[in-house]
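All remarks here apply to the structure that follows.
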There are 2 protein chains.
Amino acid sequence: MQKTIRIVIIEDDQILQHAYKQLIEDECGFQVVSCYSSFDAAEKKLVNDDPGIILLDIELPGTNGVQAIPLIKKLVPKAMVIMLTVYEIEEQIFAALANGASGYLTKDVSSAKIIEAIYDARAGGGPMSKKIASIVIKSFQKNTDSPLSKRETEIIKMISEGKKRNEIADELFIELETVKTHIKNIYSKLNVNSRSDALKVVKKNRLI
Amino acid sequence: MQKTIRIVIIEDDQILQHAYKQLIEDECGFQVVSCYSSFDAAEKKLVNDDPGIILLDIELPGTNGVQAIPLIKKLVPKAMVIMLTVYEIEEQIFAALANGASGYLTKDVSSAKIIEAIYDARAGGGPMSKKIASIVIKSFQKNTDSPLSKRETEIIKMISEGKKRNEIADELFIELETVKTHIKNIYSKLNVNSRSDALKVVKKNRLI
DNA sequence: TCTGAAATACCCCTTCCGGGGGTATTTTTC
DNA sequence: GAAAAATACCCCCGGAAGGGGTATTTCAGA
């Protein structure tokens, strides 16, 4: 028999908290072991709850959801954290994922999608609502109209990897002086005069 | 009335090509305007086809799918490219997305999912199959057991941004000498002795 | 409560890197 | 055949980078 999935909900809106619990308990194989209104309230009891999945709101009193993720991971490392939030702020999404969230849903998703996300997460998937998927994909896309030539792009990328001019020269089988010329041209095109400023521009405009 | 979605399929497997065409044409509002077995065959005719969506295989004779994306984007900039491929190779996924693909499906998805992905793409979403979503999310996750302290992580991150030691000192309101000490400790913990090597280790192990 | 890690700061030293001023040739590409 | 890209060389200077030490304070965990 399939092992029951133990679920914990951390959500400060009592109505939503109750709605999620109700929704999930109507599904076979799912068990909402605890609900909390804040991470701080959950902290002491989480280990005992031994959850496989945690539904986590971002806007919480006290420790917010993003901050809570690493703490949760420390307490119950094998638990998968699914963010469930109204906001679609890029920094928040990436911060949550970087901190170890396994999925990210906006609260406008249907009940069925929430259930699906729980199954997904358990199966090692990465459940995301459509808007989030779109934001995530956009974050990968490079700018197509770069002022930099192919070689220049190659070189600024190597600079972003912390490589020195002579290392770049060696790797590209060109002279140090040529690399210097390229870097000068890059700086001139980007209107900067240092590595850090160049990287700032390049990252902001997704040129690499 | 809704504008018809013009679709182009670039897929070298004739059977699959035909299957996709059939599948899509059975759906209302979708129109497969052309099918090609390679990008090279499609190149000249693409502008005339004026597609809104392109289903693109990766393994193609001649120009491969990943290389084809930027060329397609140049010919028909407003077309959304959805990758449709058997492989789930990380580098290929990220390269495709970086090159401008709007979605990425593995060929094991159901017909319904393909149709859904087309609608999604058109609506500005980022259609992905579950496995891809999982890989993408994992790519964001940082390593949780870093040998580096909080401050050290902060500093190596600034180094990754091309910042000089005195810039780091200024930004963190600490002395240059302190920054030097931190960097020494970072190098020692990572067993390296240069910025580029440190960044190599740090990126490989997702420490930032 | 105490121990160790983290964060802070300072000294010494040498090497060679980074950025800016030029100019010029060859190869691509449209 | 003109324009852009890629290549290569000269000059200069300041200070950044990396390695050798040592030492203090703060703070979390056992």
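A, B, ... follow the sequence lines: proteins, then strands. Residue 1 opens every chain. All values reported here derive from a predicted model rather than from experimental measurement.
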Separation of atom [atom1] in [X] from atom [atom2] in [N], rounded to whole Å:
| X | N | atom1 | atom2 | answer |
| --- | --- | --- | --- | --- |
| B/I186 | D/dG18 | CD1 | P | 11 Å |
| B/L176 | D/dA16 | CG | C1' | 9 Å |
| B/K163 | D/dA16 | NZ | C1' | 17 Å |
| A/N193 | C/dG21 | CG | C1' | 14 Å |
| A/R151 | C/dT27 | CZ | P | 15 Å |
| A/D170 | D/dA8 | CG | P | 12 Å |
| A/K150 | C/dC30 | NZ | P | 12 Å |
| B/L190 | D/dG18 | CG | P | 13 Å |

task: Starting from the 5' end of DNA chain C, give me the residue, A/N166 or B/P147, whose nearest nucleotide shows up first.
output: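 On the 5' side of the pair lies B/P147.
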query: Is any side-chain nitrogen or oxygen of A/Y187 closer than 4.0 Å to OP1 or OP2 of C/dG20?
result: no
message: Below the 4.0 Å mark, does C/dT8 have OP1 or OP2 next to a side-chain nitrogen or oxygen of B/H182?
response: yes
message: Just to be sure I understand the rule, does A/E177 reach a base, reach only the sugar-phosphate, or reach nothing, if contact means heavy atoms closer than 4.0 Å?
response: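 The answer is base, as A/E177 lies within the cut-off (heavy atoms under 4.0 Å) of a base atom.
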message: What's A/N185 touching, base or sugar-phosphate or nothing? Going by heavy atoms closer than 4.0 Å.
response: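 Contact class for A/N185: none.
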- prompt: Ring centroid separation for A/Y119 and A/F30, is it under 6.0 angstrom?
  reply: yes
task: Show the numbers, then the answer: is there a salt bridge (charged side-chain N to carboxylate O under 4.0 Å, His left out) between B/D49 and B/R6?
output: CA-CA 8 Å; B/D49 287 337; B/R6 298 172 65 86; 5.4 Å; no
task: Would you check if there is a donor-acceptor pair between the side chains of B/S134 and B/K138 at a distance under 3.5 Å?
output: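 Looking only at side-chain atoms, B/S134 and B/K138 do form a donor-acceptor pair, the distance falling under 3.5 Å.
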Base of [N] paired with side chain of [X] (donor-acceptor, under 3.5 Å):
| X | N | result |
| --- | --- | --- |
| A/K180 | C/dG19 | yes |
| B/T178 | C/dA7 | no |
| B/R165 | D/dA16 | no |

Closest nucleotide among [options] to the [X] side chain:
| X | options | answer |
| --- | --- | --- |
| A/E175 | D/dG18, D/dC9, D/dT7 | D/dC9 |
| A/S194 | C/dC10, D/dA8, C/dG19 | C/dG19 |
| A/T181 | D/dT7, D/dA16, C/dT8 | D/dT7 |

field: Of A/K184 and A/K189, the one whose closest DNA chain D nucleotide lies more 5'
entry: A/K189
Distance-only check: which donor-acceptor pairs under 3.5 Å involve side-chain atoms of residues 59-74 of chain A, not counting sequence neighbours?
from: A/E59; atom 1: OE2; to: A/T85; atom 2: OG1; distance (Å): 2.9
from: A/T63; atom 1: OG1; to: A/D40; atom 2: OD1; distance (Å): 2.7
from: A/N64; atom 1: OD1; to: A/V66; atom 2: N; distance (Å): 2.9
from: A/N64; atom 1: OD1; to: A/Q67; atom 2: N; distance (Å): 2.9
from: A/Q67; atom 1: OE1; to: A/N64; atom 2: N; distance (Å): 3.0
from: A/K73; atom 1: NZ; to: A/A79; atom 2: O; distance (Å): 3.0

query: Pick one: which of B/D57, B/D12, B/L55, B/I9 meets side-chain contact (heavy atoms from CB on, under 4.5 Å) with B/Q17?
result: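 Per the side-chain contact (heavy atoms from CB on, under 4.5 Å) rule, the option paired with B/Q17 is B/I9, out of B/D57, B/D12, B/L55, B/I9.
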